[in-house]
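Below, chains carry the letters A, B, ... as their sequence lines are ordered, and counting in each starts from 1.
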Amino acid sequence: MTAAAPVITRFAPSPTGHLHVGGVRTALFCWAYARRHGGRFILRIEDTDQKRSSEDAALGILEDLAWLGIHWDEGPTWVPPHSAAVGLPPHSAAAGVPRHSVAELDSSSVGGDPRSVGPFFQARRLDVYNRYLDRMIEADLAYPAFDTAEELDALRREAAARKETFRYRRRPGYDRDAALRRFRAGEPCVVRFRMPDEPVRVTDAVLGEIDFTEEHLDDFVLRKADGFPTYHFAVVVDDELMGVTHVLRGQEHLNNTPRHVALQRALGFRTPVYAHMPLIFNADGSKMSKRDKDKAVRRAMPAAADTQASVMAATSLSPSDLATWLADKTRQLPTDALLSIARALDLSLPEIDVEDFRRSGYLPETLCNYLALLGWNPGLKNADGTDLERFDMAFLAEHFSLDRIGKSNAKFDRDKLLAFNQAAIAALDPDDFERRWREWCDRYDPELLALLGDRFALAARAVQPRIRTLGQCREPIAFALWPDDGVTFDEKAVEKHLRKGDPTGLAVLRDFLPTLESLADFTPDAIDGAAKAFCESRSLGMGKLAQPLRVAVTGSTVSPGLGETLALVGREGTLRRIIAALRLA
RNA sequence: GGCCCCAUCGUCUAGCCUGGUCCAGGACGCCAGGUUCUCAUCCUGGAAACCGGGGUUCGAAUCCCCGUGGGGUCACCA
């Protein structure tokens with residue numbers, strides 16, 4: 001290893017909403033690359049679009065990243081909302097994968113500015129950009145342009161009519177002195193870059209060398225009329241000033257790269273290593289979009305006005321809000337409203353943002369693991385010869401490399417994510433699972449916490465092996481949430497397991513009842529032990545006792561293990577439910 | 001439409017750079033069995049792909065060209 005300049009990467013989201021999966025992967029790779037090379041990972045907020053950016057969104061992104069365990073070395077400081085360490089998930093190893101040790105800063109806050117290269121919100125760096133801009137105007141590398149939107153539109157239409165690409169270039173007769181006079185007088189205008197008339201070759205670590213000819217490069221805007229820099233300008237200036245050596249971003253930015261390279265040359269900046277990664281799409285091939293949630297609800301929305309009204313009752317939306325939303329497919333409803341409508345329609349929304357996945361109950365390490373595999377592959381084998389694809393953050397930090405990033409776009413496969421999540425949940429230490437489930441409930445389902453009370457630990461053991469996401473935890477133990485006299489019996493199950501058979505299930509239940517009444521501890525192990533002894537003493541198969549009990553206590557033939565099921569309902573509840581079932585004869 | 005990128009099972013991919021060991025391997029999903037008190041697990045087996053056409057070569061999934069298909073991008077958004 002040579003003593004080359006330290007690697008510095010950055011993730012630079014614009015704060016217009018929660019982080020979505022594409023952004024997560026970009027951040028993850030930037031993080032991993034910096035870690036792999038002992039470098040630094042910067043988080044920078046690109047809030048140069050005043051209309052769309054919000055502080056809330058920026059905060060949301062910080063929280064999303066922190067939750068995922070993608071911690072930035074430099075950037076806005078973020079402190080976990082509660083006490084230290086709570087918000088920072090420990091990255092336990094995925095199923096079957098040994099734990100990798102990594103030197104991870106375990107302080108409770110993330111971010112900071114040790115090199116004094118901030119601030120990290122671009123809106124607070126206008127003076128920086130203006131300094132460079134003034135210099136460029138002075139050198140005639142940039143110039144004020146006073147075209148109106150209408151004039152630009154007309155030019156664009158003309159080009160389209162000639163079947164040419166529209167490309168803005170400073171006209172030959174441009175009167176620089178006059179323009180500068182108007183500019184200094186404060187006349188509103190944009191400032192454009194004088195794109196040199198030469199081709200630009202972009203070298204990309206993933207895609208190789210790509211040539212762009214000058215006839216497709218234009219004098220793009222550096223500073224907007226509102227005084228804010230454009231993305232192109234801010235990104236180039238900031239990357240230079242912050243010492244960014246490697247730019248990892250989505251392929252949608254590939255066509256921007258020659259602009260950035262040309263700008264860097266004009267300013268005498270270094271050109272970082274670029275690595276453009278493939279895009280992520282929905283399973284149906286459509287682009288993943290925040291509007292997908294609206295789309296799903298729209299599709300499920302009943303046509304009749306009165307049913308619509310009842311669905312809307314759960315939200316604070318007015319009928320006119322609903323009407324405009326229904327009429328305009330580009331409109332989005334607030335997430336809260338979408339969620340309550342979805343609940344009313346018994347519809348599950350597609351997960352798009354990090355927050356969606358978190359709410360559904362995916363583990364952060366699963367999300368990172370799965371997303372890392374979308375467009376990257378370690379190219380290693382497990383001991384049994386299968387491909388290594390389950391790994392943790394430490395592994396990524398140790399093995400991530402640009403040359404194993406793929407070139408083709410990938411579809412997001414929820415089934416595989418689900419499989420990963422299930423395996424990761426199953427592999428958790430039971431106490432760890434309980435703790436993390438409790439945290440999830442705190443945030444998303446406090447009612448469940450209250451319903452379970454001191455049975456929570458018991459429920460955690462029962463639920464852990466049978467769920468794919470934390471959000472599914474109610475299902476396997478639904479029977480334990482009903483009142484003891486509120487069991488709804490599946491008639492077919494009652495017929496088969498209680499009324500029929502020789503002896504009938506009801507007879508077996510009656511026989512077993514005293515055992516349950518006198519059991520010293522009403523714990524899963526004690527119950528299972530007693531059940532087993534009971535069956536052995538009568539040469540009965542376990543199913544002959546277990547199924548009638550299950551039906552009596554839960555109403556159905558499906559539940560967690562017998563001991564867990566009865567213990568969850570409790571001795572008193574179990575006895576009451578059995579006695580009620582005996583009356584079904 | 002111009003420009004740019006991409007192309008292996010349904011999906012994610014390994015293999016491609018450094019042609020032969022590939023009648024193409026793994027994972028998820030699917031199908032069929034098996035274990036277990038049900039469920040979920042777990043185990044075993046199975047179906048399933050080199051986009052098409054030319055070339056180069058003794059030999060091509062691997063190299064080259066063309067075609068086709070998919071995607072990105074063409075803003076005072078990022």
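To the nearest whole angstrom, the two C1' atoms, one in B:rG59 and one in B:rG69, are 29 Å apart. Straight-line distance between the P atoms of B:rU62 and B:rG45: roughly 31 Å, to the nearest whole Å. Taking atom C1' in both B:rG19 and B:rC3, one finds a spacing of 33 Å when rounded to whole Å. Taking atom C1' on both nucleotides, B:rA14 is separated from B:rU35 by 32 Å, rounded to a whole Å. For the C1' atoms, the distance linking B:rG26 with B:rC50 amounts to 16 Å, nearest Å. Comparing the same atom, C1', in B:rA27 and in B:rC66 gives a spacing of 35 Å after rounding to whole Å. Taking atom C1' on both nucleotides, B:rA60 is separated from B:rG15 by 13 Å, rounded to a whole Å. Rounded to a whole angstrom, the distance from the P atom of B:rG46 to that of B:rU8 is 25 Å.
A donor-acceptor pair shorter than 3.5 Å can be found between the side chains of A:Thr386 and A:Asn382. Between the side chains of A:Arg550 and A:Ser559, at least one donor-acceptor pair of N or O atoms lies under 3.5 Å. With no hydrogens or angles considered, no side-chain donor-acceptor pair links A:Asp49 and A:Tyr231 at under 3.5 Å. Checked by atom type, the side-chain pair A:Asp238/A:Tyr129 shows a donor-acceptor distance below 3.5 Å.
Nearest to the side-chain atoms of A:Phe212 among the listed nucleotides B:rC28, B:rA7, B:rC3 stands B:rC3. Nearest to the side chain of A:Lys381, among B:rG25, B:rG29, B:rC39, sits B:rG25. Side chain of A:Leu562, nearest nucleotide from B:rC5, B:rC3, B:rC37: B:rC37. Considering only side-chain atoms of A:Leu374, the nucleotide from B:rC6, B:rU38, B:rC12 that sits closest is B:rC12. Comparing B:rC3, B:rC28, B:rU11 against the side chain of A:Lys416 picks out B:rC28 as the nearest. Proximity note for A:Val558 (side chain, C-beta onward) versus B:rU13, B:rC39, B:rC5: the nearest is B:rC39.
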Spell out protein contact along nucleotides 61-76 of chain B as letters: B when the base is contacted, S when just the sugar-phosphate is, - when no protein heavy atom is under 4.0 Å; keep the 5' to 3' order. ----------SBS-SB
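A distance below 6.0 Å separates the ring centres of A:Tyr143 and A:Tyr174. Taking the ring centroids of A:His276 and A:His253, they lie at or beyond the 6.0 Å cut-off. Aromatic ring centres of A:Phe29 and A:Phe400 lie closer together than 6.0 Å.
The residue A:Ser14 sits close only to the backbone: its heavy atoms come under 4.0 Å of sugar-phosphate atoms, none of a base. Looking at heavy-atom distances under 4.0 Å, A:Glu215 makes no contact with the nucleic acid at all. Within 4.0 Å (heavy atoms only), A:Gly406 reaches no atom of the nucleic acid at all. Across all strands shown, A:Pro278 has no heavy atoms under 4.0 Å from either base or sugar-phosphate atoms. Nucleic acid contact for A:Gly543: sugar-phosphate only, since backbone atoms but no base atoms lie under 4.0 Å from a heavy atom of the residue. Across all strands, A:His232 comes closer than 4.0 Å to base atoms (heavy-atom distances).
Judged by Watson-Crick or G-U wobble contacts below 3.5 Å, the nucleotide B:rU35 has no partner.
Here A:Arg167 does not pair with A:Asp219 in a salt bridge; the nearest charged N to carboxylate O distance is not below 4.0 Å.
Judged by atom type and distance alone, A:Asp413 does not reach the base of B:rG29 through any side-chain donor-acceptor pair under 3.5 Å.
Residue A:Thr565 has no polar side-chain atom (N or O) positioned under 4.0 Å from OP1 or OP2 of B:rU38. In terms of phosphate contacts, A:Arg390 brings a side-chain nitrogen or oxygen within less than 4.0 Å of OP1 or OP2 of B:rC28.
Ring pair A:Phe412/A:Phe357 is tilted by interplanar angle, where 30° to 60° counts as tilted.
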